[in-house]
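Take a look at the structure set out below.
Hydrogens, waters and symmetry mates are skipped; everything else that's a heavy atom, side chains included, is used. We name chains A, B, ... by the order of the sequence lines, and we start the count at 1 in each one.
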Number of protein chains: 2
Amino acid sequence: MTTQTRKAREVAEREELLIDLAIEIIEQHGFAQLTMDKLTARSEYSKGTVYNHFSSKEDLWCALCARGLRIQRSMFGKLAQFQGNSREAILALSFGYELFTLCYPTLTMVSLRVMSPAVFEKASPARIKVLSETEDEMVQMLKGMIEVAMDKGELSRRYQDNLYQITFAIWAMSFGSVTIMRNSTPAPCLERIDHDSAVLTNASIVLDGLQWQPYSWEFDYHASWQRIAKEMFADELAQLSQRS
Amino acid sequence: MTTQTRKAREVAEREELLIDLAIEIIEQHGFAQLTMDKLTARSEYSKGTVYNHFSSKEDLWCALCARGLRIQRSMFGKLAQFQGNSREAILALSFGYELFTLCYPTLTMVSLRVMSPAVFEKASPARIKVLSETEDEMVQMLKGMIEVAMDKGELSRRYQDNLYQITFAIWAMSFGSVTIMRNSTPAPCLERIDHDSAVLTNASIVLDGLQWQPYSWEFDYHASWQRIAKEMFADELAQLSQRS
DNA sequence: ACATTTTTTGACGAATCGTCACAAATTTAG
DNA sequence: CTAAATTTGTGACGATTCGTCAAAAAATGT
């Protein structure tokens, strides 16, 4: 079955290439300019071939979204090796998520757009399966950290009956903070908060609320935040500051 | 200047009518089916007239979003009269926001879609101004509650230097929770949490983290949640349960 | 009653989506 | 190695959609 696998690999490679081109289009001309015709024109294939990969425009969006989730997963994997107490490990994840949105604003915006039943209905089932599986892998990583923290006695057992509720709280706060800060309408109140530390502050509030020790007043988590940046993401941050 | 004001009123009324029709279209045929042509066809006016109201499709979206914010503001105003301690008052706001997303899923979806620079760039400045002003009014209400709570000694002064950070934390958590729960891809982990109490739980975590007393273990906020439902939104909830 | 200004109209061009009959390439069979 | 069968790729096409604009209709002022 070598020809089978070779063919399949070629198709997969072409799909990655098409996704790269789609991202290029968005970054150069904006989200609205991503059309199937333009993607076709930029590739060396024809419309029919592009439609062989993506059953619809919405399916293409989901493919972009899946790419974003894959990048996030790899960042999370890297972060899991961070040396520190269990609370710092969670902060590292929040840091990673915010950094992702800064490094890949395009993919972030796409994810936001994709989050709607209307899109899921038009995307292919296979694509949606990949999406939810990748997302779940990350949730499982987070859940693992929570279990470890509880075993070590650093996290209160008050919510032990539904660990998923804890993952949800952390996830919702990170997502909400970043999404409002980066995508919302220019609201006066948003100008009054410190964008650099807002995610750290909000994460700290949640972790304090979960009675996850050491509390924010017992430990210098600002130092942790900076250590995460320096030890885990020196490259990404250098690249980011160079860009702006 | 009676003719002037009469004319202006007629225009405003027609605009509200057009927005009603747009919502009808979305609810009957889905978001993607809302086109300027269809809106024109459903109205008794012509395309040019519709474009006199909404400079572009994006501007129409923002108008829908503004309608949603106006409804939220009126719900918030009603909630501000809720009798209870200062923490319960904040819970009432969270309750109101969740109820809004349940009562008006269409407008909620629109708000999510609108949150992107690409849309704001194509919308008219006047429309955006209305949006950010309405949003700010609600933030100010929230801020007022925070100040009262601090004065009464129910809320720790630890974050008193940037009250907006507190409003942001509460807002981000409510928004994040509701958005992920209602719009996200069907993730396995989401099926494991109790959708009815997730917003209350998450809000409680944040308020505990802010050291907002009485703490969640000192007071029965589930009872408050039900009281808010019964005293403030009996009508809306009855209507809602009847629908499903 | 007539001129001027404002509002409304709908046909139009450009651009987009997704399809499908056909062409090219690849695989299989003899 | 050749021919049939199957898979893969092509791009013209119909159906929609967006936003514009010259011309018509209505409203206003004199």
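- With rounding to the nearest 0.5 angstrom, the CE atom of A/M109 is 12.5 Å from the OG1 atom of A/T101.
- Rounded to whole angstrom, the span from the CG atom of A/N52 across to the P atom of D/dT10 amounts to 10 Å.
- Residues A/N162 and B/R192 form no side-chain contact, since every pair of their non-hydrogen atoms from C-beta on lies 4.5 Å or further apart.
- C/dC17 atom P lies 10 Å from atom CG of A/L39, rounded to whole Å.
- Put simply, B/Y51 has a side-chain N or O that comes within less than 4.0 Å of OP1 or OP2 on D/dG19.
- Rounding to whole angstrom units, NE2 of residue A/H53 and P of C/dG18 are separated by 16 Å.
- Contact check for B/T40 versus B/T35: no side-chain heavy atoms found under the 4.5 Å cut-off.
- Contact annotation: A/T49 side-chain N/O to D/dT10 OP1/OP2 distance is under 4.0 Å.
- Within the 4.0 angstrom heavy-atom criterion, only backbone atoms of the sugar-phosphate kind lie near B/S56; the bases stay farther away.
- Computed from coordinates, the B/Y45 OH to C/dG10 C1' distance equals 17 Å when rounded to whole Å.
- Applying the 3.5 Å distance criterion, the base of D/dG19 shares a donor-acceptor pair with the side chain of B/K47.
- Rounded to a whole Å, the CD atom of B/E58 is 11 Å from the C1' atom of D/dG19.
- OP1 and OP2 of C/dT7 both lie 4.0 Å or more from every side-chain N or O belonging to B/R14.
- The side chain of B/S46 approaches C/dT9 more closely than any other nucleotide in the set D/dT17, C/dT9, C/dC17.
- At whole-Å resolution of the value, CD in B/E44 and P in C/dT8 are 12 Å apart.
- A salt bridge links B/R182 to B/E98: one of the charged nitrogens lies within less than 4.0 Å of a carboxylate oxygen.
- In this entry the distance linking CE of B/M36 with P of C/dT9 reads 15 Å, nearest Å.
- In this structure, A/D37 places its CG atom 15 Å from C1' of D/dC18, rounding to the nearest Å.
- Salt bridge absent: A/E10 and A/R14 never bring a charged side-chain N and a carboxylate O closer than 4.0 Å.
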